[in-house]
Novice: 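Take this structure, written in structure tokens, and hold onto it; I'll ask about it next.
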Number of protein chains: 2
Amino acid sequence: MYEKKIPLLLECGLTMTKEVLGGKWKTSLIYAISEGILRPSDLQRAIPGSTKRVLSQQLKELEEFHILNKKIYHQLPPKVEYTLTELGETVLPIIKMMNQWGEHNRIPLETMIKSRSESRAV
Amino acid sequence: MYEKKIPLLLECGLTMTKEVLGGKWKTSLIYAISEGILRPSDLQRAIPGSTKRVLSQQLKELEEFHILNKKIYHQLPPKVEYTLTELGETVLPIIKMMNQWGEHNRIPLETMIKSRSESRAV
DNA sequence: CGGCATCCGCCAAGATACTG
DNA sequence: CAGTATCTTGGCGGATGCCG
């Protein structure tokens with residue numbers, strides 16, 4: 001057994017996870033769906049600042065990653081519901097942790113983010 | 001107390017965390033530093049595909065968020081070491097989870113990512 | 001309502017080169 | 001070795017409109 005001097009190649013797992021959760025609203029979508037908001041239109045309402053197109057697109061991507069199931073009700077008006085797959089359930093802990101961490105450090109973080117954007121504004 | 005009908009406003013925590021871990025290499029940087037790779041040049045070697053400029057910039061941002069401490073040795077050639085702050089230690093669990101999740105699901109994910117990029121190539 | 005096509009602006013990140 | 005300035009680029013996401 002050699003001692004790894006530098007390589008580490010930590011990339012693998014981290015990079016793939018970021019690939020899956022990378023989009024702007026992906027984590028919010030997963031979280032919202034886990035909370036029972038299943039329909040695209042409701043999701044858009046629940047995620048202020050998001051647009052239909054991007055949400056739709058990211059839902060599609062999450063479906064391709066088998067994070068989400070898509071159930072189509074063939075009726076008029078059409079109705080669609082997304083639910084977490086088993087794989088999707090396994091990412092939830094990560095997202096909840098991210099949310100908790102953000103909540104928990106809200107005050108200091110807000111201040112830092114604010115001062116950063118101000119200094120950039122100059 | 002009103003029942004929230006739709007809002008949820010889950011944004012807060014999640015959004016801030018993504019703000020902090022958002023850059024392309026931020027999570028890798030934090031992870032590598034937690035593993036004892038502290039110097040910029042070593043970090044760049046440890047993270048294949050990264051460039052000096054972006055790494056440097058993201059280290060700076062993480063420092064501004066008080067995720068990292070920067071220690072400068074005034075000598076020639078110059079030497080700099082980054083270490084995790086207490087706040088930085090608290091994000092580590094998230095990153096480790098992301099890494100583990102990615103590792104654990106490597107096989108299926110790789111296949112999906114591959115097929116996705118192929119279909120896009122058309 | 002849900003999905004997709006199109007067009008476009010912007011910004012994060014690549015490439016390169018220079019200072020201390 | 002570490003950091004920054006400059007220029008360029010690619011692709012993500014915003015806006016809008018149409019169709020089933």
Side-chain angles (χ1 to χ4, degrees), chain A residues 6 11 14-15 18-29 32-33 37-65 68-83 113 116-117 119-122, chain B residues 6 11 15 18-29 32-33 37-65 68-83 113 116-122:
Chain A
I6 288 174
E11 295 323 297
L14 226 34
T15 331
K18 291 198 91 175
E19 184 77 20
V20 175
L21 303 181
K24 187 164 185 181
W25 307 111
K26 296 239 180 83
T27 53
S28 302
L29 282 171
I33 290 172
I37 306 181
L38 310 181
R39 303 184 56 181
S41 48
D42 290 338
L43 286 165
Q44 198 193 338
R45 262 187 294 276
I47 304 179
S50 65
T51 66
K52 196 174 65 155
R53 192 187 75 82
V54 176
L55 246 43
S56 180
Q57 170 190 317
Q58 304 203 341
L59 284 167
K60 191 179 184 179
E61 290 177 20
L62 289 171
E63 191 197 350
E64 288 172 355
F65 280 127
L68 297 181
N69 270 321
K70 180 178 186 173
K71 176 161 189 182
I72 305 177
Y73 297 83
H74 293 282
Q75 59 183 47
L76 242 49
K79 176 177 169 184
V80 171
E81 287 185 348
Y82 290 91
T83 50
I113 294 177
R116 267 176 42 78
S117 47
S119 62
R120 256 189 305 178
V122 180
Chain B
I6 288 172
E11 295 323 297
T15 331
K18 290 198 89 175
E19 184 77 21
V20 175
L21 303 182
K24 186 163 185 180
W25 307 111
K26 296 240 179 83
T27 52
S28 300
L29 282 171
I33 289 172
I37 305 182
L38 310 181
R39 303 183 58 181
S41 48
D42 290 337
L43 286 165
Q44 198 193 336
R45 261 186 295 274
I47 304 179
S50 64
T51 65
K52 198 174 63 156
R53 194 187 75 80
V54 177
L55 246 42
S56 180
Q57 170 189 317
Q58 303 203 342
L59 284 167
K60 193 178 183 178
E61 289 178 20
L62 288 171
E63 191 197 352
E64 288 172 355
F65 280 127
L68 297 181
N69 271 321
K70 180 178 186 174
K71 178 160 188 184
I72 305 176
Y73 297 83
H74 293 283
Q75 59 184 45
L76 243 48
K79 176 178 170 183
V80 171
E81 286 184 348
Y82 290 90
T83 50
I113 293 177
R116 267 177 44 76
S117 46
E118 277 167 14
S119 63
R120 255 189 304 178
V122 181

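Just so we're clear, the structure is a prediction, and the values are computed from it rather than from any experiment. The sequence lines fix the lettering, A, B, ..., with proteins before strands; numbering per chain opens at 1.
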Novice: Using a 4.0 Å heavy-atom cut-off, does B:Q58 contact any base of the nucleic acid, only the sugar-phosphate backbone, or nothing at all?
Specialist: sugar-phosphate
Novice: Which of the following nucleotides, D:dC1, D:dA15, C:dG2, is nearest to the side chain of A:V80?
Specialist: C:dG2
Novice: Quick check on C:dG2: is either OP1 or OP2 less than 4.0 Å from any side-chain nitrogen or oxygen of A:S56?
Specialist: no
Novice: Go through C:dG2, D:dG3, D:dT4 for me and flag the one nearest to the B:K60 side chain.
Specialist: D:dT4
Novice: Write down the distance between CD (A:Q44) and C1' (D:dG14), rounded to a whole number of angstrom.
Specialist: 12 Å
Novice: On a heavy-atom basis, which atom in B:R39 and which in B:E81 lie closest, and how many Å separate them?
Specialist: CG-CG, 3.9 Å
Novice: Under 3.5 Å, is there any donor-acceptor pair linking the side chain of A:K52 to the base of C:dG3?
Specialist: yes
Novice: Hey, does the side chain of A:R39 come within less than 4.0 Å of C:dG2's phosphate (OP1/OP2), counting only N and O?
Specialist: yes
Novice: Closest approach to the side chain of B:W25, judged atom by atom: which nucleotide of D:dA2, D:dA15, C:dG14 is it?
Specialist: C:dG14
Novice: What's the separation between atom CD in A:Q57 and atom CG in A:L62, rounded to the nearest 0.5 Å?
Specialist: 10.5 Å
Novice: Please evaluate the base of C:dA5 for a donor-acceptor partner in the side chain of A:R53 within a cut-off of under 3.5 Å?
Specialist: no
Novice: Tell me the interatomic distance from B:Q57, atom CD, to C:dA15, atom P, rounded to whole angstroms.
Specialist: 15 Å
Novice: Send over the distance from B:E81 CD to D:dG3 P, rounded to a whole Å.
Specialist: 12 Å
Novice: Measuring from the side chain of B:S41 (C-beta onward, heavy atoms only), which nucleotide among D:dC1, C:dA13, D:dG3 has the closest atom?
Specialist: D:dC1
Novice: Does A:I47 reach the side chain of A:I37, with side-chain heavy atoms less than 4.5 Å apart?
Specialist: no
Novice: Kindly say if B:T51 contacts the phosphate of C:dG14, meaning a side-chain N or O under 4.0 Å from OP1 or OP2.
Specialist: yes
Novice: Base, sugar-phosphate alone, or nothing: which one does B:P78 contact when heavy atoms must sit under 4.0 Å apart?
Specialist: base
Novice: Any side-chain N or O of B:K70 below 4.0 angstrom from OP1/OP2 of D:dA2?
Specialist: no
Novice: To the nearest 0.5 Å, what is the distance between NZ (B:K24) and NZ (A:K18)?
Specialist: 10.0 Å
Novice: For the pair made of NZ in A:K26 and C1' in D:dG13, what is the distance, rounded to whole Å?
Specialist: 12 Å
Novice: Looking only at side-chain atoms of B:Y82, point me to the closest of D:dC1, C:dG2, D:dG3.
Specialist: D:dG3
Novice: Quick check for you: to the nearest 0.5 Å, what is the distance between A:L55 atom CG and A:L29 atom CG?
Specialist: 4.5 Å
Novice: Ignoring the backbone of A:V54, work out which of C:dG14, D:dG14, D:dG3 is nearest its side chain.
Specialist: D:dG14
